[in-house]
Amino acid sequence: MRKLFVVLALVGIIASAAAQKIDKAGLYDNKGNAILCEKSPIVVSATVRVTTEHFTPGVYARYAQKYLGKRATLSEYTISEIVDGDLAFGEAQKLPVKVEYEDAMTPLPINKISTAVQTTEEQAASTAEMIFSLRKHRLDLITGEAGEHVFGAGLKAALDEIARIEKECLDMFYGTKSYSESLHSFSVVIDSTKNEYMVCRFSDNEGVVAADNLAGKPVIIKIETEPHKDYDILKSLGPKDKTSAEYLVVPQSKILLVSETQMLDSVDFVSEMYGKKVVALPIKTKK
């Protein structure tokens, strides 16, 4: 009766001649507890981390060139990007979402101190004047032209407040950006008959979308398995050999998480599902 053995091919080790030895190749019988293969079915969780930038144009964007000398972006937009990915064995877990954002300014300018009706352009001109006034006051404080009794922590506080107000005014012309970060996890069951699995799709404008949304670019899992090869420890049967043994040669495999041409993560594994049965002379082990 033939005995079933498992020979596991290990990355980096099997490339050398020493890797052909029994102790290096990893020899186990079919009832042993030292099998290094992943248990079937193999479930892999793929996690994708996405950052999103959202731009809101300023209420006075169209007047930025006229009053500040530099054009402003007039259109609202959203840009998403896959930052990185992660692979792990087992079911995907729900992950917390980290969000960082900066609130957009309200249309009411901070220098609006009366109920007098002004057109949008008049408000823009008034806000631009305030920006230049703030810059003059800051320069006067720094050079000592004004506020000679303001120094130390008081000077720093005054300069910080001027910078804050100036930014609020500039945001009304050049807009604001908000940033968010999100994690998306998916589970995939590996099947020996398939080498590619669609995880999801990704849109630069919408972020992660459903796998059947053709507007998004595919994010996939690829399986790469090393080709089977001959092992010195497995001796072919001769015409006069009457005793034989059956072995299962399991090659090294790799799981890749890929977004278009960007490789996000990879993990190595071995699985009996990719094994090849070989009948050979029984391996003689040292007692």
Side-chain angles (χ1 to χ4, degrees), residues 8-15 36-57 73 75-102 104 174-229 250-271 273-274:
L8 301 180
L10 304 179
V11 172
I13 299 178
I14 61 174
L36 297 181
C37 292
E38 293 291 334
K39 295 181 180 180
S40 297
I42 298 178
V43 181
V44 178
S45 64
T47 301
V48 177
R49 185 161 65 95
V50 176
T51 58
T52 301
E53 174 187 306
H54 181 77
F55 174 76
T56 303
T73 302
S75 302
E76 185 175 7
Y77 65 81
T78 299
I79 299 177
S80 295
E81 178 184 7
I82 295 180
V83 179
D84 57 34
D86 180 71
L87 288 170
F89 292 105
E91 291 284 347
Q93 303 294 321
K94 289 185 178 180
L95 299 171
V97 177
K98 177 184 178 183
V99 178
E100 297 177 353
Y101 62 91
E102 179 179 308
Y174 295 107
T176 57
K177 294 180 179 179
S178 63
Y179 301 91
S180 66
E181 180 183 282
S182 57
L183 297 172
H184 307 264
S185 292
F186 309 87
S187 295
V188 174
V189 179
I190 303 301
D191 182 347
S192 61
T193 62
K194 293 179 60 177
N195 292 326
E196 287 193 6
Y197 304 81
M198 178 76 73
V199 175
C200 64
R201 286 182 179 270
F202 183 80
S203 167
D204 293 337
N205 297 325
E206 300 178 45
V208 173
V209 296
D212 59 355
N213 187 338
L214 300 182
K217 305 168 187 175
V219 178
I220 63 174
I221 279 180
K222 287 186 177 182
I223 307 298
E224 294 182 353
T225 301
E226 293 182 355
H228 289 280
K229 67 176 189 177
V250 184
Q252 182 71 42
S253 299
K254 185 185 292 288
I255 304 175
L256 307 174
L257 180 60
V258 181
S259 172
E260 289 193 292
T261 58
Q262 181 183 8
M263 212 271 283
L264 301 173
D265 194 19
S266 68
V267 291
D268 296 323
F269 76 106
V270 287
S271 173
M273 73 172 72
Y274 299 107

From [X] [atom1] over to [Y] [atom2], what is the distance, rounded to the nearest 0.5 angstrom?
X: Asp265; Y: Leu87; atom1: CG; atom2: CG; value: 4.5 Å
X: His184; Y: Ile82; atom1: NE2; atom2: CD1; value: 9.0 Å
X: Glu53; Y: Lys177; atom1: CD; atom2: NZ; value: 4.5 Å

Minimum heavy-atom separation for Val258 and Lys222, please, with both atom names.
CG2-CD, 4.5 Å
With distance as the sole test, does Ser45 use its side chain to make a donor-acceptor pair with the main-chain N or O of Ala88 at under 3.5 Å?
yes
Between Phe55 and Tyr77, how do the two ring planes meet: parallel, tilted or perpendicular, split at 30° and 60°?
parallel
Asn205: which residues meet the side chain to side chain contact (heavy atoms under 4.5 Å, CB included) condition with it, sequence neighbours left out?
Ser203
Sequence-distant partners of Asn195, side chain to side chain contact (heavy atoms under 4.5 Å, CB included), two or more places apart
Ile223
Are side-chain heavy atoms of [X] and [Y] found at a separation under 4.5 Å?
X: Val44; Y: Phe89; answer: yes
X: Tyr197; Y: Val189; answer: no
X: Ile42; Y: Met273; answer: yes

Applying side-chain hydrogen bond (donor to acceptor under 3.5 Å, both in side chains), name anything that partners [X], two or more places apart in sequence or on another chain.
X: Ser75; answer: none
X: Thr78; answer: His54
X: Thr225; answer: Ser253
X: Glu196; answer: none

Taking salt bridge (Lys or Arg N to Asp or Glu O under 4.0 Å) as the cut-off, I'd like each qualifying pair that reaches into residues 75-84, sequence neighbours left out, listed once.
Arg49-Asp84
Which pairs of donor and acceptor atoms, one on a side chain in residues 208-221, lie under 3.5 Å apart (sequence neighbours left out)?
unit_1 : atom_1 : unit_2 : atom_2 : d
Asn213 : OD1    : Ala215 : N      : 3.0
Lys217 : NZ     : Asp204 : OD2    : 3.3

So Leu257 and Phe186, side chain to side chain contact (heavy atoms under 4.5 Å, CB included) or not? Walk me through it.
CA-CA 12 Å; Leu257 180 60; Phe186 309 87; over 6 Å; no
